[in-house]
Engineer: 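Okay, here's the structure, questions in a sec.
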Amino acid sequence: MGEQPQMQDQSKGLINKFLNGIEWVGNKLPAPALLFFYSMLLIMVISLPLSYMDFSFTLTNSSGESVVQTEKVYNLFSAEKLLYFLTDFVRIFVTFAPLGVVVVGMLGIGIAERTGYVNVALQKLLSITPKKLLTPMVLFVAMLSHFAADAGYIVVIPIGAILFYAAGRHPVAGIAAAFAGVSAGFSANMIPATNDILLQGITQSAARIVDPEYTVNVLSNWAFGSASVFFLIAVGWFVTDKIVEPRLNRTKIDDDAQVEEHKEVTAKESRAFWISTVVMAAVLAVFVIWAYPTDSLLRHEGSLTSAGAPLMKSIVAIIFITFIIPGIVYGFLVGYYKKADDIIASLTENMKDMSSFLIMMFFCAFFIEAFTQSGLGRLIALAGAETLQNMNVGPKTTVVMAILFIAFINLFIGSASAKWVLLSPILVPMLMHLGIAPELTQAAYRVGDSTTNIISPLMTYFALVVVYCQRYIKTTGIGTLISIMIPYTIAFLISWIIFLLIWWGLGLPLGIEGHYYYTPS
């Protein structure tokens, strides 16, 4: 047995006490589905007394003139509103924007992940990396794994440890780098994934509280997110090699550590992977060829990237097709599938995995609808806008304050979708009234939502990462892992905020139809 890690003593200090407090508070919260249900009931109760009051707010419009806006809260216990919810009960759920797009997208990606195609792709990227570039490659692959849902946690993090150990480096540093890439850099992605679709739907629903016709492009944050990948890799590389690993090197690996050898991809898996990748390229080529002509049916008035373009409306279907076809090909080539019925069995398993998501979305849909129908969203947004306007801190300071608030809330509510469903009806309309576009608010949310994932014991996979660390240092606990990951959180949060402000200041595009400012029509 090796020496006891020095970090263990530190974990008994103030940091661990603080985190134990966060864990205690977080454990007192109900399940996300019940949280939305209770929130909906609370909105209904609050709407009753407020419906007898009138509210007015003084805001400055885009022309610099002061305009008084009056608002009214509607009683959700009124016969009219109760009848509305009863008659539209099914519609409210089935038309909830994030529901269908996430289910369809995850069915396709789930097949590619379940058959092993995604796992082999990640292993191949990591295995061909020179030792000098091991840290940035682990970070890059970790961020790339976002499109495959949980693949980063299940595959990349343990492989990161194995590769670091094989290179003569501390394996826990490999875990830390991979964990930082997968979770702290969650919203930095070059490949559009279900998370983009999910956030877009929620953001659009919130924006329509103010502007019923407002449309958010699913790729509205793509440029900023893509650039963030390389920026955060540089930051994470510095933190890993200059801060985290030197500190870890003072902690010996246990003598009986469960050190795993790097599992090589078999010849059969490799052959299946390359054939399936060629198939994926062919699928993408079909869409490229189809979209290329100026009169293509995938264009809208010659544009491929406008919100009205069929190509943009087809993103979910394209993601589904692009991953399910090579996933199926790979599954047959490696023997995972024997007959067509096996594919249906996989799809069934994918749906089982999404059952908790569907339940949460059911209550999310009614929470959003209650918030919208009551008028509380507009009331809070206008009150917040008036307060921030009177503070006169400027749009950039306002956005920074929103990011810090979101990062704090993220310690208690780990689910990105659950948190955005709760916050977007408040933040998006409020900032719209201050002239800040929903696309910029969404980009700010991505920054705050990602950076504190790795120091929250309530994050779904946090305990799993502790177990990964215990393979090498058995005394690793929650406080130990937090102390390892805090440098990433601080560095990512501060530098990413600065990066967003610089990006904004230079007027670089957030993405396709990614606006910075909102002007009421």
Engineer: Report the residues that fulfil side chain to side chain contact (heavy atoms under 4.5 Å, CB included) with A491, sequence neighbours left out, ordered by chain and then residue number.
Structural biologist: V235, V239

Engineer: Nearest 0.5 Å please: distance from the CG atom of L500 over to the OG atom of S495.
Structural biologist: 11.5 Å

Engineer: Between R446 and S228, is there a side-chain heavy-atom distance shorter than 4.5 Å?
Structural biologist: no

Engineer: Show every salt bridge (Lys or Arg N to Asp or Glu O under 4.0 Å) that has at least one partner inside residues 480-496, sequence neighbours left out.
Structural biologist: none

Engineer: Got a sec, which residues hit side chain to side chain contact (heavy atoms under 4.5 Å, CB included) with A112, two or more places apart in sequence or on another chain?
Structural biologist: Y117, V118, F323

Engineer: Keeping to residues at least two apart or across chains, list the salt bridge (Lys or Arg N to Asp or Glu O under 4.0 Å) pairs with something in residues 159-177.
Structural biologist: R169-D241, R169-E245

Engineer: Can you sort out the partners of T240 under side-chain hydrogen bond (donor to acceptor under 3.5 Å, both in side chains), two or more places apart, ordered by chain and number?
Structural biologist: Y488

Engineer: Tell me the closest heavy-atom pair linking I111 and G327, and the distance in Å.
Structural biologist: CG2-C, 4.0 Å

Engineer: Using the side chain to side chain contact (heavy atoms under 4.5 Å, CB included) criterion, which residues pair with I321? Sequence neighbours excluded.
Structural biologist: V283, F287, I325

Engineer: I'd like to check the side chain to side chain contact (heavy atoms under 4.5 Å, CB included) partners of F230; sequence neighbours left out, ordered by chain and number.
Structural biologist: M190

Engineer: Where is the tightest heavy-atom contact between K338 and G335, given as atom of each residue plus distance?
Structural biologist: CE-O, 3.3 Å

Engineer: Knowing that exactly one of V265, V120, I275 qualifies, which makes a side-chain contact (heavy atoms from CB on, under 4.5 Å) with S270?
Structural biologist: V265

Engineer: Would you give the length of the straight line joining atom OG1 of T441 to atom CE of M430, rounded to the nearest 0.5 angstrom?
Structural biologist: 8.5 Å

Engineer: Checking Y336 now: which residues fulfil ring pair (Phe, Tyr, Trp, His ring centres under 6.0 Å) with it, not counting sequence neighbours?
Structural biologist: none

Engineer: My understanding is that only residues two or more places apart in sequence, or in another chain, count here; which of them pass ring pair (Phe, Tyr, Trp, His ring centres under 6.0 Å) with F499?
Structural biologist: F224, F231, W503

Engineer: Report the relative orientation of the aromatic rings in F362 and F93; use parallel for angles under 30°, tilted for 30 to 60°, perpendicular for over 60°.
Structural biologist: perpendicular

Engineer: Roughly how far, to the nearest 0.5 Å, is CH2 of W420 from CD1 of I406?
Structural biologist: 5.5 Å

Engineer: How far apart are the closest heavy atoms of S220 and E439, and which atoms are they?
Structural biologist: CB-CG, 3.5 Å

Engineer: Got a second to check how far L501's CG is from I403's CD1, nearest 0.5 Å?
Structural biologist: 7.0 Å

Engineer: Heavy atoms only: give me the nearest A272-L333 pair and the separation to one decimal.
Structural biologist: CB-CB, 3.6 Å

Engineer: Are I202 and V428 packed together at the side-chain level, in the sense that at least one heavy-atom pair is separated by less than 4.5 angstrom?
Structural biologist: no

Engineer: Counting only N and O atoms by type, is there a donor-acceptor contact under 3.5 Å from the side chain of Y516 to the main-chain atoms of L508?
Structural biologist: yes

Engineer: How far does CD1 of I253 sit from CG of L248, to the nearest 0.5 angstrom?
Structural biologist: 9.5 Å

Engineer: Could you give the distance from CD1 (I43) to CD (E369), rounded to the nearest 0.5 Å?
Structural biologist: 11.0 Å

Engineer: Can you name the residues that form a side-chain hydrogen bond (donor to acceptor under 3.5 Å, both in side chains) with S424, not counting sequence neighbours?
Structural biologist: none

Engineer: Any heavy-atom pair between the side chains of I328 and F332 that's under 4.5 Å?
Structural biologist: yes

Engineer: Test: salt bridge (Lys or Arg N to Asp or Glu O under 4.0 Å). Region: residues 484-499. Which pairs qualify, not counting sequence neighbours?
Structural biologist: none

Engineer: Would you please name every residue forming a side-chain hydrogen bond (donor to acceptor under 3.5 Å, both in side chains) with Q442, sequence neighbours left out?
Structural biologist: T203, N221

